[in-house]
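Bear in mind that the values here come from a model prediction, so they are computed numbers and not experimental data. Each residue takes its place number in the sequence, starting with 1.
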Amino acid sequence: MFAALRQPLARASAAKPLARAFSAYTPAQNAVAPASPKLEYLLTETRGRVALVTLHRPKALNALCNGLFVELNQVLKDFDNNKDIGSIVITGSERAFAAGADIKEMKDRQFIENYSEDFLGHWTQITRIRKPIIAAVNGFALGGGCELAMMCDIIYAGDKAVFGQPEIKLGTIPGAGGTQRLVKAVGKSKAMEMCLTGSVNLTAQEAEAAGLVSKVYPAEQVLDEAIKTASKIANLSTPVVQMVKDAINQSFEMPLQAGLTFERRLFHATFASNDQKEGMGAFAEKRKPNFTNN
């Protein structure tokens, strides 16, 4: 949840990757100027049916401030409602996906203020986006950065990426899913070790082995690979893709038998769509399907 602490990070197990991560800032590949003058913390563009959102606070290692999340929620909602977009990729810079939340912004906040405003509650709006989101992670994904990546549906990591939850070193705990989603991704013991010590960070390779990350690529390739996968998804049937996302997400909320019933009912529902008829018909006729998203 919090921005990287330089000295503690230097002692982390991934010392060499962390040292490289503080090299000169390089903008995300093909990033463009904000689509709207109202965007201060993000860059956006589209590549075919894929929307690319780049976190853009280079001087702060993409620290997650309130304004960034307000913009991110609105941009994601707009892309979710855009029929020409089928999937979304979120990325940062080569140095940092996001090094954590903005400590300067939150250090003087009080309990009643946090509780009354449900501080950080708006971060979870990302999980209500129905179209698939892929996180393309390079450099630091620490605290809130790690939590943001876990809110996405798929994580691809550059080979120098580092994941961690250092909040306890600041006298607090993760507040946006670090103690909840991390357990489901890497298991209780590893999540306990990471959150209780604040200094056990996972390299990209360790994160892949633990199940937090889907695939690891060279840093310069991870964004292109994420867009490639997002493009494959975006050109499938959008409503059926949404059903798959719903079914998998429900597996974390439901007992097995209830989840199996939920899955089966969605499976039945696909037979009311033209895309199911087209997909199965194309398979039988040995041709490529032409999905129309209805």
Between [X] and [Y], is there shared hydrophobic-cluster membership here, with clusters defined by ILVMFWY side-chain heavy atoms closer than 4.5 Å?
X: I233; Y: M243; value: no
X: I126; Y: F119; value: yes
X: L64; Y: I129; value: yes
X: V183; Y: M150; value: no
X: V244; Y: I155; value: no

Minimum heavy-atom distance between [X] and [Y], given as atom pair plus value:
X: G158; Y: N138; value: CA-OD1, 3.2 Å
X: S87; Y: A230; value: OG-O, 2.6 Å
X: S214; Y: Y156; value: CB-CE1, 3.8 Å
X: V50; Y: I85; value: C-CD1, 4.2 Å
X: L61; Y: A96; value: O-CB, 3.5 Å
X: L182; Y: C195; value: CD2-SG, 4.1 Å

Solution key, residues 69-80 side-chain donor-acceptor pairs under 3.5 Å, sequence neighbours excluded:
from : atom 1 : to   : atom 2 : distance (Å)
E71  : OE1    : E40  : N      : 3.2
E71  : OE1    : Y41  : N      : 2.9
E71  : OE2    : E40  : N      : 2.6
N73  : ND2    : F69  : O      : 3.2
N73  : ND2    : H122 : O      : 3.0
Q74  : NE2    : D78  : OD1    : 2.8
D80  : OD1    : R130 : N      : 3.4
D80  : OD1    : K131 : N      : 3.1
D80  : OD2    : R130 : N      : 3.1

Are there over 12 heavy-atom neighbours, none belonging to [X], within less than 6.0 Å of that residue's [atom1]?
X: K228; atom1: NZ; value: no
X: K232; atom1: NZ; value: no
X: M151; atom1: CE; value: yes

E147 vs R181, side-chain contact (heavy atoms from CB on, under 4.5 Å): CA-CA, chis, key distance, verdict: CA-CA 8 Å; E147 290 170 319; R181 293 188 178 91; over 6 Å; no
Just how far is it from atom [atom1] of [X] to atom [atom2] of [Y], taken to the nearest 0.5 Å?
X: L68; Y: W123; atom1: CG; atom2: CH2; result: 9.0 Å
X: E45; Y: L52; atom1: CD; atom2: CG; result: 5.0 Å
X: I90; Y: T44; atom1: CD1; atom2: OG1; result: 12.0 Å
X: S199; Y: Q165; atom1: OG; atom2: CD; result: 13.0 Å
X: L39; Y: T54; atom1: CG; atom2: OG1; result: 11.5 Å
X: S231; Y: L236; atom1: OG; atom2: CG; result: 9.5 Å

Please answer whether the main-chain N or O of [Y] pairs with a side-chain N or O of [X] as donor and acceptor at a distance below 3.5 Å.
X: R49; Y: K83; answer: yes
X: T124; Y: G121; answer: yes
X: E105; Y: N66; answer: yes
X: D153; Y: I134; answer: no

Under 3.5 Å, which donor-acceptor pairs do the side chains of residues 266-275 form with other protein atoms, sequence neighbours left out?
from : atom 1 : to   : atom 2 : distance (Å)
T270 : OG1    : F267 : O      : 2.6
S273 : OG     : T270 : O      : 2.6
S273 : OG     : Q276 : N      : 3.1
N274 : ND2    : N294 : OD1    : 2.7
D275 : OD1    : T292 : N      : 2.9
D275 : OD1    : N293 : N      : 3.4
D275 : OD2    : S237 : OG     : 2.6
D275 : OD2    : N293 : N      : 3.0
D275 : OD2    : N294 : N      : 3.4

Residue pairs passing the side-chain hydrogen bond (donor to acceptor under 3.5 Å, both in side chains) test with at least one member in residues 249-261, sequence neighbours excluded, are none
Begin from the C-alpha positions of Q205 and T203 and carry the test side-chain contact (heavy atoms from CB on, under 4.5 Å) through to its verdict. CA-CA 5 Å; Q205 295 74 17; T203 65; 3.5 Å; yes
Under the side-chain hydrogen bond (donor to acceptor under 3.5 Å, both in side chains) rule, collect the residues that match up with Q242, sequence neighbours excluded. none
Applying side-chain hydrogen bond (donor to acceptor under 3.5 Å, both in side chains), name anything that partners E278, two or more places apart in sequence or on another chain.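 So E278 forms a side-chain hydrogen bond (donor to acceptor under 3.5 Å, both in side chains) with R287.
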Do [X] and [Y] touch side chain to side chain, with heavy atoms closer than 4.5 Å?
X: L148; Y: L55; answer: yes
X: H56; Y: L42; answer: no
X: P58; Y: S93; answer: no
X: R57; Y: D102; answer: yes

Which pairs pass salt bridge (charged side-chain N to carboxylate O under 4.0 Å, His left out) with one or both residues in residues 256-268, sequence neighbours excluded? none
Ion pair present between E206 and K190, side-chain N to carboxylate O less than 4.0 angstrom?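 So E206 does not pair with K190 through a salt bridge.
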Before giving the answer on side-chain contact (heavy atoms from CB on, under 4.5 Å), spell out for V213 and F163 the whole-Å C-alpha distance, their side-chain angles and the decisive distance to 0.1 Å. CA-CA 10 Å; V213 164; F163 299 83; 3.6 Å; yes
